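Just so you know, these numbers come straight off a predicted model, no measurement behind them. In what follows, chains are A, B, ... by sequence order, proteins preceding strands, each numbered from 1. Computed from heavy atoms alone, side chains included, the values below leave out hydrogens, waters and symmetry copies.
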Amino acid sequence: MASLRLDIAVPTRSFDVELTLDLGAETLALVGPSGAGKTTVLRAVAGLAKPARGTIACGDDLWFGDRVNVRPEQRSVGFVFQEYALFPHLTVERNVTFGGGKADGLLDRLRIAHLAKAKPRELSGGERQRVALARALARNPRVLLLDEPMGALDPHTRGTVRAELHDLLRELRLPTLLVTHDFEDAAAVADRIGVLADGRLRQLATAAELLGAPADEVVATFAGANVLPGIAEPAPGGLTAVRLDAGATAYSVDEAVGEVDAILYPWDVSLGLVAIDDSALNHLAEEIVSVAHVGNRVRVRLRTLTAEITAASAERLELRPGRRVVASFKATATRLLARRERPPAEAAR
Amino acid sequence: MRALFAAVIAAACAIAFAFLLLPIVAIFVHVPLGDLLSALGSGVTRDALVVSLKTSAIAHALVLLVGTPVAYLLGRRRFPGRGVVLTLVELPLVLPPAVAGVGLIAAFGRFGLLGDELNALGIRIGFTQAAVVLAVAFVESPFYVRGAVAAFESVDGDLLSAARTLGAGSWRVFFRVAIPLAAGGLGAASALALARGLGEFGATIIFAGSLQGVTQTLPLAIYSQFDQDFDVALAISALFILVGAGILIALKVFSALDFSTRSLRGLTAR
């Protein structure tokens, strides 16, 4: 039975990464800000970094543990490195067969057969990614490790590549550990997502669970939510009123009292030039800080929160930095998280 | 003011160029090409050429053979004392070659540190071709090792890691990935060291002497000929200039053969 179990502590420059994971034939994404220790975990599984303590096991084989430290070349991992690390002096075909095995089937399967004689420098980002995948798979590894596999791609190809990678990983049914700083990449490809920050796993769940019930404000921020700190108190109608630190008051259907973080996803926020009397309870008038196009959507950053609307709406409303707009969102879309004790450094941010 | 500044720069360039080129031009003015070939046919020159090529080739082979693994270690591993080792490797670079010659005598000479051991084995090094080889190797090695360390350092570590996850052991990683990717820098360092070795003078004359046909290399022959037959000294000098130009061209070619993935990374980041 294909499985990967790890329970390790790996030292990095600034902290120890401590992590316990148990993977079956599934894709698990480790997400988190850069410097959270994600790559270190992959390197430890591959044998390229040595944990201070703990165990790593693949199926019944112990790779690292009590007086055991199997060399990287004997571990049977397929590693796709950040920026792919293709051998620049070898052709695509020789890259793929570097570790032995035959290239033909894989090149066809990943639609790079026509590039067999090309050198890596002649390839586009998407093609390089497929070569890196083919090379990692050529030796029939028992575990697949992907470090920012979509990191070097431009936004146009990203969507297609995500879908392709998702299908490929489903077919392979290998324990796959994927590292990314992009929550959307993780949500598109992985079965489960672990949020890693400062070397600790904050939450491990499906994308839907992370969005619906983030464990803390780090997870919520990472899932793309607006995090609005404030003080909660009961309000009429079974609602909770949150006096936001930024000044205004927002209503939520969640129950809470005291210090809270109001969690609100950008796609639940609508923008208008005037406050209209609709079913949304919350209206915040704010100035636009920036307007960024993301595919067919537009992310509009206001002073305290971000809204995501369609490009067409943004154009119709003529949104641009400096303009004042009213952000509206429903009390039912506003979740409340009791504020946990924060270390002073973090609270000061 | 700007015109004055430009004039100063132009004058400095003119002086520098004239100063550096004049001696070289002078040599070729004195030695027409026809005379060069006949002078090179003289017994002294031919003997010196044979000694130089033989000793340089052996010394350079030894430096490559031993220096490459040393440079790989120093370039790829971080360990306590690495800085000290790097400095020690570079020491011959700042020593006057005469000091190197004296040091070699003190170590390998008949009354040197290893003198008794070498005597017991019946090995005599001083004033033989072996002494020339040691002197040349000692003086040229830092040129190679320093460049080779930099070449191995510039190889992207992920490429070596990738090779290991693909099942390659240490030997295969070294020969199939590290060496090919460092090839440009290794070639450049090798050419520079070879040039330095061919021109070696001070350490050789002290440790190996200047016996025609045995230890008299081309630079030593120039020295021995210039008060006897200045034309021969000029001819050998002209030969050196041609060889030097060849090595410089080789250096440029090697630098262009840079396989390091830096440029590749730049492309992806765009």
Would you find more than 12 non-hydrogen atoms of other residues, nucleotides or ligands less than 6.0 Å from [X] atom [atom1]?
X: A:R71; atom1: CZ; answer: no
X: A:R94; atom1: CZ; answer: no
X: B:F17; atom1: CZ; answer: no
X: B:R146; atom1: CZ; answer: no
X: B:R78; atom1: CZ; answer: yes

Least distance between heavy atoms, [X] atom then [Y] atom:
X: A:R135; Y: B:A162; answer: NH2-CB, 3.6 Å
X: B:P180; Y: A:H89; answer: CB-CD2, 3.4 Å
X: B:S170; Y: A:E73; answer: N-OE2, 4.5 Å

(message) Exactly one of B:L159, B:D156, B:T165 should register a side-chain contact (heavy atoms from CB on, under 4.5 Å) with A:F81. Which one does?
(response) B:T165
(message) Between A:R139 and chain B, with a heavy-atom cut-off of 4.5 Å, which part of the residue counts as in contact: side chain, backbone, both or neither?
(response) side chain
(message) Within this structure, what is the CG-CG distance for the pair A:L48 and B:L160, rounded to the nearest 0.5 Å?
(response) 10.5 Å
(message) I'd like to check A:F98 versus B:R176 (side-chain heavy atoms, cut-off strictly below 4.5 Å). Are they in contact?
(response) yes
(message) Is the terminal nitrogen or CZ of B:R164 (NZ for Lys, CZ for Arg) located under 6.0 angstrom from the six-membered ring centre of A:F79 and within 45° of that ring's axis?
(response) no
